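Reviewing the structure listed below.
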Number of protein chains: 2
Amino acid sequence: MTGVTTAAADSAADDPGAGTPRSAAGEEAGPVKAAARGEAATEADSSPVERPRRARGEQTRQLILETALRLFRERGYAETTMRAIAKEAGVAVGNAYYYFDSKEHLIQGFYDRNQAAHRVAAERVLNTEKDFAARLRGVLHAGIDVNEPYHSFAATFFKTAAEPSSPLSPFSSESSPAREAAIAIFRDVIEGSSAKIDPELRRELPELLWLAWMGVVLFWVYDRSPGQRRTRRLIDGVVPLVDRLVGLSRLRVLRPALRQVLALIDTIRRD
Amino acid sequence: MTGVTTAAADSAADDPGAGTPRSAAGEEAGPVKAAARGEAATEADSSPVERPRRARGEQTRQLILETALRLFRERGYAETTMRAIAKEAGVAVGNAYYYFDSKEHLIQGFYDRNQAAHRVAAERVLNTEKDFAARLRGVLHAGIDVNEPYHSFAATFFKTAAEPSSPLSPFSSESSPAREAAIAIFRDVIEGSSAKIDPELRRELPELLWLAWMGVVLFWVYDRSPGQRRTRRLIDGVVPLVDRLVGLSRLRVLRPALRQVLALIDTIRRD
DNA sequence: GACAACTGTTGAACACGTTCAAGAAAGGTG
DNA sequence: CACCTTTCTTGAACGTGTTCAACAGTTGTC
């Protein structure tokens, strides 16, 4: 299932872009730039460009990103034009395209922040709870908490993330750092818990939980109930089920079924 | 989970649009037209237009749809411009917009056909098999068979269907006829089978199987393996699991768990 | 047949995302 | 310093989906 990779209340970017852009430090140090390009199979894309990022460039890049995210928040994604972003940031349109391959690529910045915010919010739970179900429940709710302010336009560019060939797809290689980071959270959920889990299942569980999380996000995106309370209920209902299932995983009687599931996962995973 | 509602090899529309468009009969009798409009909550949309559909209009409408689908198949969705469709159909651009609210709305026609084709293909299985697992397996494979020729661009406009506010979303009210039809197939899978199923589960099962089908479609859309064989394996692996689970549903020991699941579904369903 | 009220059709015009050739600024090298 | 190379910046121009005011065709009414 597809889904917004992460989520987070970036309370940064509160002051308009006008003045001093943050010093080049922090997030966004990543190298990824050369778009994998969607399209059909048209020969090798001869451009692993890899830009060196001088100081000035980094500054402009941040300025454009801040401005874009602010406008997205203020007006929504579709309603924010590239011209508006450029104008507000005080640069030419073309300049934005020098740093970001497309309007969609601006969203990646959003993901990265929300991922980080989810991590932080999850940490609070993971440091205090030992019970598996409580940990899982806390982490899932934290993820939704962090995404909540963006529900209205998360849906809008969820659309964008849904295209398999899009670099924004949670399954794309371009988002694999974010994906790994997300899976790591669920690994922590398991490892720090007191739960006794079948070892084979334990190995696969972080990824499975992440997948379940993607499912929850997907549900959330479609959730039109006030305050998305149906999603909250889904979490509260699903967690005990998962907990029970995981607990049952060590029962002799269910071994064959578990094996069957694990074998299936394995079969599917190898190409 | 989002997913292409249906699928089908429309072998109709083989002769180019040039000559006589089919007589207004057949599919597409539906009334739905007044778009729900996405956007924010901007007052009531004062237009439940409901067009009467005269004969001539219906003819033009069909012509435009045929032409569009043909071009989509030949060149892909993104590469087909509204201007090209209009030109090829011998009408003005604006005319296409008289019949279809947007380019995306042309896709709905595609869905409807594929839905019908899936029904037909499923029938063949349902008429010969009695075993639940075999029926389910057959129906799922039939659905993929029917979609196969369109895999390359199904992905492209899967993106479109993914947006929750889009009328193309499988969960939207605008696609509810297609959705109901799809669920009906799974109802037949169950009712015609020899399987003994807990009655409460039985009531919910068609919708659950449809949901699973949406999951399979989602997987298929993302499946890049040659011939999408991973999807085939997924089906072959998941069906026995579902079968086993359904069979177990009548066991006394698993009653509480089943109840828990059904209660969850109920909770979530009511807003 | 005259008139009105639709349904159906047109193509220019608009705003948007994106590209690109041109050039300015900054760094590096002798 | 002069020079070359690389990074960065510009804005006009292109092709796209979509809109809209105008007009044509059809149907119904007296």
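Throughout, a chain's letter reflects where its sequence line sits, starting with A, and its residues are numbered from 1. Fair warning: this is a prediction, and the values are worked out from it, not measured in the lab.
Going from atom NE2 of B:His105 over to atom P of D:dG17 covers 16 Å, rounded to whole Å. For the pair A:Tyr99 OH and C:dT18 C1', the interatomic distance rounds to 18 Å; values are reported in whole Å. Separating the CZ atom of A:Arg61 from the P atom of D:dT7 is a distance of 15 Å, rounded to the nearest angstrom. Atoms CD1 (A:Ile85) and C1' (C:dT18) sit 13 Å apart, rounded to a whole Å. Between the CG atom of A:Asp101 and the P atom of C:dT19 there is a distance of 8 Å, rounded to whole Å.
A salt bridge is absent between A:Arg119 and A:Glu180: the closest approach of a Lys/Arg side-chain nitrogen to an acidic carboxylate oxygen does not fall below 4.0 angstrom. For A:Glu74 and A:Arg70, the salt-bridge test passes: some basic side-chain N is under 4.0 Å from an acidic carboxylate O.
In terms of position along DNA chain D, the nucleotide closest to A:Gly90 lies nearer the 5' end than the nucleotide closest to the other residue of the pair B:Asn95 and A:Gly90.
Relative ring orientation between B:Trp213 and B:His118 is described as tilted, the plane-to-plane angle lying within the 30° to 60° band.
Applying the salt bridge (charged side-chain N to carboxylate O under 4.0 Å, His left out) rule to A:Arg232 yields the partners A:Asp145, A:Glu148; only residues at least two apart in sequence or on another chain are considered. Checked against salt bridge (charged side-chain N to carboxylate O under 4.0 Å, His left out), A:Glu207 has the following partners two or more places apart in sequence or in another chain: A:Arg269.
Between C:dT7, D:dC8, C:dT10, one nucleotide has an atom nearer to the side chain of B:Tyr98 than all others, and that is C:dT7.
You'll find the side chain of A:Ile85 reaches within 4.5 Å of the side chain of A:Phe72, heavy atoms only.
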Check: protein-nucleotides 13-17 of chain C nitrogen or oxygen pairs below 3.5 Å:
| unit_1 | atom_1 | unit_2 | atom_2 | d |
| --- | --- | --- | --- | --- |
| C:dG17 | OP1 | A:Lys103 | NZ | 2.8 |
| C:dG17 | OP2 | A:Met82 | N | 2.8 |
| C:dG17 | N7 | A:Arg83 | NH1 | 2.8 |
| C:dG17 | O6 | A:Arg83 | NH2 | 2.7 |

